[in-house]
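The model shown is predicted, which means the values in this text are computed figures rather than measured ones. Naming convention: chains lettered A, B, ... in sequence-line order (proteins, then strands); numbering from 1 in each chain.
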Amino acid sequence: MGKTRRNFLAGLARSKGFCVENTLSSNVTHIVAEDNPADELWLWLQKQGIADLDKINVLDISWFTQSMSAGRPIPVEVQHRIEDALEVLAENYELIESVGPCLGFKKAASVLKSLPVPVRSIRDVEGLPCLGPETMAVIEDIFEFGSSSKVEDVLKDERYQTLKIFTSVFGVGPKTAEKWYRQGLRNLTQIVSDSTIHLNNMQKAGFQYYDDISKPVSKAEAEALSRIIVEIAGCVNPEVTVTLTGGFRRGKEFGHDVDFLLHVPGPGKEDGLLPAVIDRLRSQGVLLYLDFQESTFDISKLPSCRFEAMDHFQKCFLILKLKKEQVVGQQVEQRCGKDWKAVRVDLVAPPAECYPFALLGWSGSTVRDERSCIK
DNA sequence: AGGCCTACG
DNA sequence: CGTA
DNA sequence: GCCT
């Protein structure tokens with residue numbers, strides 16, 4: 001996180017009696033990260049050669065704010081450590097394209113997340129669905145030693161680390177990452193400076209705006225984008241309503257993209273809406289990347305299954321240029337620097353009669369299994 | 001042994 | 001093949 | 001990897 005913000009948060013913590021270190025040492029018990037993903041930090045920590053990695057907790061800003069209001073460090077749930085561990089395994093299998101094991105660990109992690117009560121001991125998870133012998137071994141290790149060697153090995157693995165870096169680029173999946181890895185490439189600088197590598201448009205945008213779109217999007221930024229989309233959609237059709245969906249609608253403070261649902265009352269009125277909005281974004285010079293998906297929605301073929309139909313609505317995946325001056329509470333300091341940030345934005349325009357279902361669908365979970373439960 | 005979300009560009 |  |  002930025003220096004100013006770090007100083008502010010450190011001062012706040014010290015005023016509450018917390019001991020805040022400026023450098024990493026074996027005294028450090030809790031590390032708060034804001035922009036960096038937890039697993040990225042774990043990688044870095046391992047390179048620092050600290051003795052007891054088990055004793056260190058990597059936490060997000062919500063742990064910090066909760067601990068501040070509690071006046072003491074709130075205990076880190078073992079459950080959270082287990083979930084992270086299982087997700088690391090799932091991700092590793094995803095990167096090496098082992099669909100089955102990947103899904104198995106994803107489901108196991110998701111089962112733990114959905115438990116109404118916190119897991120206090122191994123007995124609390126016995127008999128739960130999707131927790132087989134392999135998963136149980138990981139859970140037992142974390143209860144007993146605070147970590148699982150299987151997971152630690154994955155985190156140390158060069159292939160895992162490298163594939164993770166490569167797939168962090170928008171447009172790069174396991175296949176491409178693996179190809180680059182087999183060519184002996186190990187970091188992003190080597191990729192961009194290799195003239196024999198030919199990137200597709202998605203990947204070009206991914207590298208071009210890598211720094212910006214890797215950063216979390218704040219609620220203030222989402223709201224600024226909302227004002228922009230409302231303004232433009234209103235010009236196209238004054239009857240359009242724009243709804244912020246996805247994580248921000250569920251009250252999250254940060255997200256990796258911003259989702260909007262555009263709604264026009266009256267059947268068939270959504271036709272041509274997105275193309276018109278996109279045209280205006282383009283002529284304003286804020287459209288950095290576009291992936292437009294034609295609707296295949298056909299009500300005659302889908303008489304009642306409106307949830308399944310969700311995936312057929314007209315939608316587009318964009319990267320937009322957000323001016324910093326348009327974000328509330330964001331003062332532009334450098335007069336000669338980039339005064340904007342690239343942000344991933346999704347727009348969806350369902351037919352009027354599907355609007356309530358689309359709203360529910362785009363506000364909830366991304367996993368299809370969990371979606372169909374709503375039905 | 002075979003499935004694990006699916007549709008689009 | 002990559003995205004959501 | 002877990003389930004059927």
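Under 3.5 Å, the side chains of A/Q208 and A/Y289 contain no donor-acceptor pair of N or O atoms. Side-chain atoms of A/T243 and A/Y355 form a donor-acceptor pair, as typed in the model, at a separation below 3.5 Å.
Separating the CD atom of A/Q314 from the P atom of B/dG9 is a distance of 10 Å, rounded to the nearest angstrom. Rounded to whole Å, the distance from CE on A/M136 to P on D/dC2 is 10 Å. Following rounding to the nearest Å, A/Q203 (CD) and C/dT3 (P) show an atom-to-atom distance of 8 Å. Rounding to whole angstrom units, CE of residue A/M202 and P of B/dC8 are separated by 15 Å. Taking atom CD of residue A/E134 and atom P of nucleotide D/dC3, one finds them 13 Å apart after rounding to whole Å. In this structure, A/L103 places its CG atom 9 Å from C1' of B/dG3, rounding to the nearest Å. For the pair A/F317 CZ and C/dA4 C1', the interatomic distance rounds to 5 Å; values are reported in whole Å. Across the protein-nucleic acid pair, A/L318 atom CG and C/dA4 atom C1' stand 13 Å apart, rounded to whole Å.
Minimum atom distance to the side chain of A/H256 is reached by C/dA4, of the listed B/dG9, C/dT3, C/dA4. Among D/dC2, C/dA4, B/dG9, the nucleotide with an atom closest to any side-chain atom of A/E294 is B/dG9. Side-chain proximity of A/F170 to the nucleotides D/dG1, B/dG9, C/dA4 is greatest for C/dA4.
Close to C/dA4, at under 4.0 Å from its OP1 or OP2, lies a side-chain N or O of A/R344.
Note that A/K321 lies in the cation-pi zone of A/W340, set by a 6.0 Å cut-off to the ring centre and a 45° limit from the axis.
Using a 30° and 60° split on the angle between ring planes, A/W180 and A/F207 fall in the tilted class, from 30° to 60°.
A/G132 comes within 4.0 angstrom of sugar-phosphate atoms only, judged by non-hydrogen atoms across all strands, and of no base. If you check every strand for non-hydrogen atoms under 4.0 Å, A/N200 touches nothing. Residue A/S98 is classed as having no contact, given no heavy-atom separation below 4.0 Å to the nucleic acid.
With salt bridges taken as basic N to acidic carboxylate O contacts below 4.0 Å, none links A/K150 and A/D153.
Of the P atoms belonging to B/dA7 and D/dC2, the separation is 28 Å, rounded to the nearest Å.
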